[in-house]
Amino acid sequence: MGKSRLGMESKKMKKKLIFIILLIISLFMCFPVIFLIAGSFMGVGELKSYLGPVLSENISGFVSWELLPKYPTLRSYVELLLDTPQFFVMFWNSVKIVFFSILGQLLFGIAAAWGFARYKFPFKKILFTIYIVVMLMPFQVTMLSSYLVLDSINILDTHLSIILPAIFSTFSVFIMYRFFCNIPESIIESARIDGASEIKIFIKIGIPLGMPGIMSAVVLQFLEYWNLIEQPLTFLKDKALWPLSIYLPNITLENADIAFTASAVTLVAAIIVFFAGQSYLEQGIAASAVKE
């Protein structure tokens with residue numbers, strides 16, 4: 001009995017120790033968000049005193065920071081939301097880019113993923129391998145070729161230059177492919193025996209059963225295109241077309257309060273979408289880890 005009690009107590013101590021370690025790591029990882037939210041409630045003077053050595057060449061010393069603002073203010077929120085039309089122009093540019101990019105991915109990506117998952121055709125493995133390779137390529141590798149293609153069809157400096165390449169993203173196809181592969185073949189065969197056409201099977205069986213994969217792809221792609229920086233800087237020269245993600249890096253000592261507040265407001269949309277689709281993301285990660 002004594003040994004069993006000691007064993008139980010040691011297990012409890014290990015669990016407590018693991019919990020404390022994970023809590024410390026979580027707080028450390030959340031610090032940038034805490035840093036951002038605290039800065040959004042600080043005035044220009046307070047931010048200057050903290051960030052002056054980084055944002056100004058005339059101020060020497062080291063950067064300091066407080067987790068809570070000494071003189072909290074909502075002035076920057078009022079100024080951003082009521083007196084900064086540029087913010088709303090960029091906000092709606094981001095909404096337009098994200099909405100049409102994801103809509104296009106759903107129209108083309110779902111059909112492509114279903115085809116790869118449920119049908120056999122010549123060079124299937126080779127084509128899917130190409131899909132994976134393209135997915136792994138960073139934007140810097142394909143930037144020049146994409147620029148030349150978009151220039152040849154005269155859509156540079158338009159939102160279409162961002163949306164069109166995004167529509168044919170291979171990442172969303174890969175995520176949905178794993179879910180469609182997990183649909184039992186017996187269900188598909190039963191539908192065929194009952195006389196269902198291939199299109200009806202796709203619409204009535206494939207899409208509903210693959211909905212977790214579709215939603216996880218939507219959430220991941222939203223987070224990616226909501227935070228685009230390199231593509232707009234490369235393909236959009238007209239600043240009136242820039243999305244909100246490019247508004248945020250323009251931090252100077254004079255507009256630091258607005259920049260912090262804009263970042264906090266932009267973060268809200270990403271957090272809402274993330275928590276709304278968290279369960280789908282977990283299923284997507286689990287499905288991606290399953291071997292065929």
Side-chain angles (χ1 to χ4, degrees), residues 95-139 141-142 146 162-228 231 269-292:
V95 171
K96 178 181 177 181
I97 291 172
V98 171
F99 176 79
F100 286 107
S101 296
I102 293 177
L103 179 63
Q105 287 181 17
L106 293 178
L107 291 175
F108 293 97
I110 295 175
W114 178 258
F116 276 120
R118 308 311 308 185
Y119 296 106
K120 295 180 180 180
F121 51 86
F123 309 110
K124 173 183 173 180
K125 290 186 177 180
I126 295 175
L127 288 174
F128 192 72
T129 301
I130 293 173
Y131 254 68
I132 301 302
V133 171
V134 172
M135 182 184 73
L136 296 175
M137 285 184 180
F139 172 71
V141 175
T142 60
S146 299
I162 308 294
I163 296 170
L164 186 61
I167 287 175
F168 300 100
S169 170
T170 57
F171 180 72
S172 58
V173 174
F174 174 75
I175 293 293
M176 293 184 285
Y177 165 82
R178 303 304 308 184
F179 277 84
F180 288 145
C181 283
N182 292 334
I183 297 175
E185 184 65 26
S186 58
I187 297 177
I188 306 297
E189 290 300 325
S190 298
R192 286 172 179 160
I193 293 172
D194 290 339
S197 64
E198 295 298 319
I199 295 178
K200 190 172 183 180
I201 291 173
F202 171 59
I203 294 174
K204 297 291 186 179
I205 297 176
I207 292 178
L209 293 181
M211 188 56 66
I214 295 171
M215 292 305 300
S216 64
V218 168
V219 173
L220 289 171
Q221 294 300 80
F222 174 90
L223 297 176
E224 178 182 353
Y225 291 107
W226 186 254
N227 297 298
L228 280 183
Q231 289 89 333
I271 289 176
I272 291 173
V273 172
F274 173 79
F275 281 109
Q278 186 177 9
S279 61
Y280 295 114
L281 286 176
E282 292 172 354
Q283 294 177 52
I285 294 171
S288 299
V290 175
K291 295 183 179 180
E292 292 185 343

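Nearest approach of F180 to G206, heavy atoms of both residues: CE2-O, 3.2 Å. Closest approach of Q221 to S172, counting heavy atoms only: CG-CB, 4.2 Å. Here the shortest heavy-atom pairing between I167 and F100 reads CG1-O, 4.1 Å. Contact between Y225 and S169 at its shortest, heavy atoms only, is OH-CB, 3.8 Å. M176 and A113 make their closest contact through CB-CB, 3.7 Å (heavy atoms, listed as atom of the first residue, atom of the second, distance). In terms of heavy-atom proximity, I205 sits nearest to A191 at CD1-CB, 3.5 Å.
Among residue pairs with one or both ends in residues 181-221, those qualifying as ring-ring contact (aromatic ring centres under 6.0 Å, His included) are W114-F202; sequence neighbours excluded.
The environment of F121 atom CZ is dense: over 12 non-hydrogen atoms of other residues, nucleotides or ligands sit within 6.0 angstrom. Within a 6.0 Å radius of NZ in K200, other residues, nucleotides and ligands contribute 12 heavy atoms or fewer. In this structure, L136 places its CG atom where more than 12 heavy-atom neighbours from other residues, nucleotides or ligands lie under 6.0 Å away.
A donor-acceptor distance shorter than 3.5 angstrom exists from the side chain of S216 to the backbone of G213, with no hydrogens or angles considered. Without hydrogens or angle criteria, Q105 side chain to V218 main chain gives no donor-acceptor distance under 3.5 Å.
A269 meets the side-chain contact (heavy atoms from CB on, under 4.5 Å) test with W226; sequence neighbours excluded. With sequence neighbours excluded, no residue forms a side chain to side chain donor-acceptor pair (under 3.5 Å) with T170. The side chain to side chain donor-acceptor pair (under 3.5 Å) test applied to E198 returns Y119, R192, not counting sequence neighbours. For the side chain to side chain donor-acceptor pair (under 3.5 Å) test, no residue two or more places apart in sequence or in another chain qualifies with Q231. Applying the side-chain contact (heavy atoms from CB on, under 4.5 Å) criterion to V219, with sequence neighbours excluded, gives L223, V273, L281.
Between Y131 and Y177, the distance separating the two ring centers is not shorter than 6.0 angstrom.
Atom CG of L209 is separated from atom CD1 of I183 by 5.0 Å, given to the nearest 0.5 angstrom. Interatomic distance, I203 CD1 to S197 OG, rounded to the nearest 0.5 Å: 7.5 Å. Here I187 contributes atom CD1 and E185 contributes atom CD; the two are 10.0 Å apart, rounded to the nearest 0.5 Å. The line from CG of L228 to CZ of F139 is 9.0 Å long, rounded to the nearest 0.5 Å. Put simply, CD1 on I110 and CD1 on I214 are 4.0 Å apart, with the number rounded to the nearest 0.5 Å. One distance of note links NZ of K124 with OG1 of T129; it measures 11.5 Å at 0.5 Å rounding.
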message = Is there a side chain to side chain contact (heavy atoms under 4.5 Å, CB included) between L127 and F116? Walk through the geometry before answering.
response = CA-CA 9 Å; L127 288 174; F116 276 120; 4.0 Å; yes
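Side-chain contact between F168 and V173 is absent, with no heavy-atom pair separated by less than 4.5 Å.
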